[in-house]
Amino acid sequence: MADPRSALSPLDDVLARLAAGAALHRIRDVERVATSDALGRVLAADVRSTLDVPPADNTSMDGYALRAADAATPGAVLAVTQRIPAGAVGQPIGPGEAARIFTGAQVPPGADAVVMQEQCVALPAADGGRLGAVRVDTVPTAGQWIRRRGEDVRDGAVVLHAGQRLTPQAMGLAASVGAATVEVMRRPRVALFSTGDELVMPGDPLPPGAIYNSNRYTLRGLLQAAGCEVGDLGIVPDRLDATRAALREAAAGHDLILTSGGVSIGEEDHIKPALEAEGRLEHWQVAMKPGKPLVFGEVRRADASAALFMGLPGNPVSSFVTFLLCVAPLLRVMQGGEGGLPRALPMAAGFDWPRPDRRREFLRVRVGPDSRLELFPNQSSGVLTSAVWGDGLVDNPPGQVIRAGDAVRYLPLADLIAR
Ligand code: AMP
Ligand code: MG
């Protein structure tokens, strides 16, 4: 008899397998959307600038533009010959002249420095000129307070790359080079259903033996945060025929079918036989905690194509963690990106973990006021409070004892949820 423990698959092997499977289901459709509506979308093409940003040298201060050589000693008095607010274009300035200038305005030809107004005194003009004169009470260096043309972006530069997810700041960068629209991947269409006869929806009374369906909310939110269109099929009863029917229905209009529960080996667990009948299945006991059982495969469609399938364990924390570690990378690969996990940060543990599991563990932690990681006291896979209290996971190798002060691998939830 094989040692049942040897049947556990290392998470990295599973991730490699998922990435290979997802690569066969890459979404090819692209669409052009308004940059203002592109939050969270994945770019299908590079965004290349056709201009310098900023387009011209401009001042980063309110003050006076001048020739530094004209103010080589403190107290130099220069004639103010023009006033340049942001948006206006000035005239060349000559020797002994200064331009009153405001933040964001182009520096006029001839000027090579800006002196901030706090270091100047406005004077009436000796010759009665309308704009007066200015006394410069500092010695400017050439170039000071000037933002150079193209210092942010050069004409022709790629500012955003295909495969990149658009953050708010990436939307701003696209807009700064004048891109009103961007080409993005079609959103993945994901069907979601929960299995379990004990499940009741919030809003309905809770009969004896029942619990509220929380995974539906957690997984739906995670899918939305990952930029997916969610087709919510609700709760599917713990029956083989119902599970098979749900799979067939879900496969029709979706790229991926995601379920929670019913993936163990109990006789009430119908995901595996249903998937076997409706498509193809791979099933692992993943050497990770929480989240051991995982089902992956395909569901055939009427036209002989197939939807990807991913079945997560039912325990709420297991569902949450396996989504972050396994489904999120799968969705990235489907959209042309990289699989795998984000880079773990080395952090000091502020806790002891004297009895580690044989499996690789993902502990719910948060960064404490002393920058050490605090551990949520109850690490049970049913305690969803830990996932809200925490701001990250410690990725702890199998059998690794942790003592306070040890360096551990910290994965911020923010990096796992949307990258
Ligand atoms: P299962 O994987 O179906 O054996 O479920 C494992 C545990 O997770 C059981 O205690 C279930 O009651 C619980 N569970 C399954 N699905 C959900 C769900 N959608 N929301 C909350 N708990 C669930
Ligand atoms: Mg169940």
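Atoms within each ligand, like the ligands themselves, are counted from 1 in listed order.
Between the side chain of R301 and the backbone N or O of A306 there is at least one donor-acceptor pair closer than 3.5 Å. A donor-acceptor pair under 3.5 Å links the side-chain atoms of T167 to the main chain of A170, judged by distance alone.
Between L294 atom CG and L18 atom CG the span is 6.5 Å, to the nearest 0.5 Å.
Not counting sequence neighbours, the partners of F376 by the ring-ring contact (aromatic ring centres under 6.0 Å, His included) test are W389.
In this structure, of S214, P293, G196, G314, the residue bringing a heavy atom nearest to atom 5 (O) of ligand 1 is G314. The residue among N215, D238, N315, N213 with a heavy atom at the shortest distance from atom 17 (C) of ligand 1 is N215.
Every atom of ligand 1 with a heavy atom of S260 under 4.0 Å away is listed here by number and element: 19 (N). Remark: ligand 1 atoms within the under-4.0 Å shell around heavy atoms of I211 are 12 (O), 21 (C), 22 (N), 23 (C). Ligand-side atoms of ligand 1 in range of Y212: 20 (N), 21 (C), range being under 4.0 angstrom from any heavy atom. The ligand atoms of ligand 1 that sit less than 4.0 angstrom from a heavy atom of G262 are 1 (P), 2 (O), 3 (O).
Heavy atoms from other residues, nucleotides or ligands lying under 6.0 Å from CH2 of W353 number more than 12. Within 6.0 Å of the CG atom in L206, the count of heavy atoms belonging to other residues, nucleotides or ligands exceeds 12.
With a heavy-atom cut-off of 4.0 Å, E198 touches ligand 1 through its side chain alone.
When hydrogens are left out, the protein atom nearest atom 4 (O) of ligand 1 is D269 OD1, 4.0 Å; that is the closest non-hydrogen contact.
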